[in-house]
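Here the structure is laid out as structure tokens; the discussion comes afterwards.
If you read the sequence from its start, that first residue is 1, and numbering goes on from there. If you're wondering where the values come from, they're calculated on a predicted model, not measured in any experiment. Atoms within a ligand are numbered from 1 in the order they appear, just like the ligands themselves.
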Amino acid sequence: MKGIFISLEGSDGAGKSTQIANVRQFFEDRGITPLMTREPGGTAISEKLREILLDKNNSEMSPIAEMMIYASARAQLVAEFIRPALERGEVIICDRYVDSSIAYQAYGRGLGDMVEKVNSYAIDGILPDITFFLDLDPAIGRERISTRAGASTPDRLEQEKMDFHYRVYNGYKAVAEANSERIAVIDANRSIEEIKEDIYDRLKRLCEEKGI
Ligand code: ADP
Ligand code: TYD
């Protein structure tokens, strides 16, 4: 595949949106306009599925239904957007990807290995060149969200109890350890600028490897 695929991961409020703007800037400074997308979402069908997933009124959703809807949204995003864009040689920056399902559904919901299996069909062999895991205690993330400018009411996932968010966080740490060649663990309990510098170092190395 010719392009570059970058994902950002972490608990809610870990600083993904903030650092995504910096990753975008990194490429724009090099004269490259990256394609921005997010999960769940990024295509018309996937955005409809996102509404179902995040709707606070859908409290009866079963864990397996939830996992499969995330995987469906992902399958559509990969088929319609990510694969064609990578084949054209684009740079894609994605707010969350398959590691979110491993952390939230396999660990958070306790669904285990089934999640990776189902998602292997959704991602169809496409994994990011690099994934930045913003490592932040979920309690600090929650605190940051509550003071975020224009803070809205919590969505269905954000409403979950703290023990769910700690299972997710531990899931992320396990996934990062098992995939250390792809996932860069970034200490997110620092200033925005320090985190950005760390991410830029990794991006410079990636660009050298890719000959950009
Ligand atoms: P996410 O996209 O992971 O949910 P955001 O980027 O929206 O997280 O960050 C959540 C809140 O925390 C925002 O108000 C943001 O301005 C703030 N924030 C982001 N990074 C930091 C940081 N390193 N230190 C302190 N606050 C931060
Ligand atoms: P979003 O508002 O995009 O997240 P953020 O907190 O980063 O702004 O909401 C996406 C929610 O869906 C978030 O709580 C994480 C969750 N999620 C999963 O449970 N599984 C997945 O596979 C993905 C992509 C997200």
Correct closest heavy-atom pair for Leu134 and Ala14 would be O-CB, 3.7 Å
Verify the distance criterion only: is there a donor paired with an acceptor across the side chains of Ser7 and Arg96 at less than 3.5 Å? no
Quick check: Ala14 and ligand 1, any N/O pair under 3.5 Å apart? yes
Between Ile20 and ligand 1, find which residue part has any heavy-atom pair under 4.0 Å and reply side chain, backbone, both or neither. neither
So, does Arg190 sit close enough to ligand 1 that a heavy atom of it is under 4.0 Å from the ligand? yes
Report the part of Gln159 (side chain from C-beta onward, or backbone N, CA, C, O) that has a heavy atom under 4.0 Å from ligand 2; answer both or neither where that applies. neither
Taking the basic N atoms (NZ, or NE/NH1/NH2) and the acidic carboxylate oxygens, is any pair closer than 4.0 Å for Glu160 and Arg109? yes
Restricting to heavy atoms, the pick from Val115, Ile20, Asp12 nearest atom 6 (O) of ligand 2 would be Asp12
For atom 8 (O) of ligand 2, the protein heavy atom that lies nearest, with its residue and separation: Arg148 NH1, 4.7 Å
Establish, yes or no, whether the cationic atom of Lys204 lies under 6.0 Å from the six-membered ring centre of Tyr200 and within 45° of the ring axis. no
Closest non-hydrogen protein atom to atom 1 (P) of ligand 1, residue and atom name please, with distance? Lys16 N, 3.5 Å
Restricting to non-hydrogen atoms, name the atom on Lys16 and the atom on Ser11 that form the minimum distance, rounded to 0.1 Å. NZ-O, 3.1 Å
Within the 4.0 Å heavy-atom shell around Lys16, which atoms of ligand 2 are there? 7 (O)
Do you know which two heavy atoms are closest between Gly3 and Lys210, and how far apart they sit? O-NZ, 3.5 Å
Pair Asp135-Tyr169, side-chain donor/acceptor within less than 3.5 Å: yes
Closest protein heavy atom to atom 21 (C) of ligand 2, given as residue, atom name and distance to 0.1 Å: Tyr70 CD2, 3.3 Å
Just to confirm my output: which protein heavy-atom neighbour is closest to atom 10 (C) of ligand 1, and how far is it? Gly13 O, 3.8 Å
In terms of residue, atom name and distance, what is the protein heavy atom nearest to atom 22 (O) of ligand 2? Ser101 OG, 2.6 Å
Return yes if some donor-acceptor pair links the side-chain N/O of Gln105 with the main-chain N/O of Ile102 below 3.5 Å, else return no. no
Quick one: look up the protein heavy atom nearest atom 19 (C) of ligand 1 and list residue, atom name and how far away it is. Thr18 OG1, 3.3 Å
Please list, in number order, the atoms of ligand 1 under 4.0 Å from a heavy atom of Ile195. 23 (N)
Taking all non-hydrogen atoms of both residues into account, name the closest pair between Gly41 and Glu47 and its distance. CA-OE2, 3.3 Å
Looking only at protein heavy atoms, what sits closest to atom 26 (N) of ligand 1 is Arg144 NE, 3.6 Å
Is atom 14 (O) of ligand 2 less than 4.0 angstrom from at least one protein heavy atom? yes
Worked check of side-chain hydrogen bond (donor to acceptor under 3.5 Å, both in side chains) between Tyr172 and Glu9: CA-CA 8 Å; Tyr172 267 129; Glu9 294 282 356; 2.6 Å; yes
Between Asn119 and Tyr97, does any side-chain donor sit less than 3.5 Å from a side-chain acceptor? no
Looking only at distances, can you tell me whether any N or O atom of Ile145, backbone or side chain, sits closer than 3.5 Å to an N or O atom of ligand 1? no
Which atom of Ile20 lies closest to which atom of Met36, heavy atoms considered: CG2-CE, 3.4 Å
Which protein heavy atom lies closest to atom 4 (O) of ligand 2, and at what distance to 0.1 Å? Arg96 NE, 3.5 Å
side-chain hydrogen bond (donor to acceptor under 3.5 Å, both in side chains) for Asp29 and Gln25? Distances and angles first, verdict last. CA-CA 6 Å; Asp29 290 346; Gln25 190 64 48; 2.8 Å; yes
Ligand 1 to Ser191, heavy atom cutoff 4.0 Å, flagged ligand atoms 23 (N)
Is it the side chain, the backbone, both or neither of Gln19 that has a heavy atom closer than 4.0 Å to ligand 1? neither
Looking at Phe26, does the NZ or CZ of Arg30 lie under 6.0 angstrom from its six-membered ring centre and within 45 degrees of the ring axis? yes
Protein residue, atom and distance nearest to atom 2 (O) of ligand 1, heavy-atom basis: Ser17 OG, 2.6 Å
Top protein contact for atom 7 (O) of ligand 1, by heavy-atom distance: Arg148 NH1, 2.8 Å
For Glu39, take its heavy atoms, then give the atoms of ligand 2 lying under 4.0 Å from any of them. 24 (C)
Take Arg167 and Asp163, measure what salt bridge (charged side-chain N to carboxylate O under 4.0 Å, His left out) needs, and give me the verdict at the end. CA-CA 6 Å; Arg167 286 199 299 277; Asp163 63 340; 3.7 Å; yes
Note: ligand 1 atoms sitting under 4.0 Å from heavy atoms of Ile192 are 20 (N), 21 (C), 22 (C), 23 (N)
Please write down residue, atom name and distance for the protein heavy atom closest to atom 20 (N) of ligand 2. Gln105 OE1, 2.8 Å
Atom 8 (O) of ligand 1 has as its nearest protein heavy atom Gly15 N, 3.1 Å
From atom 3 (O) of ligand 2, work out which of Arg38, Glu9, Arg50, Met67 has a heavy atom at the shortest distance. Arg50
Let me confirm one number: the CG-CD1 distance from Leu8 to Ile130, rounded to the nearest 0.5 Å. 9.5 Å
Applying a 4.0 Å heavy-atom criterion (strictly less than), which segment of Leu54 is in contact with ligand 2: side chain, backbone, both, or neither? side chain
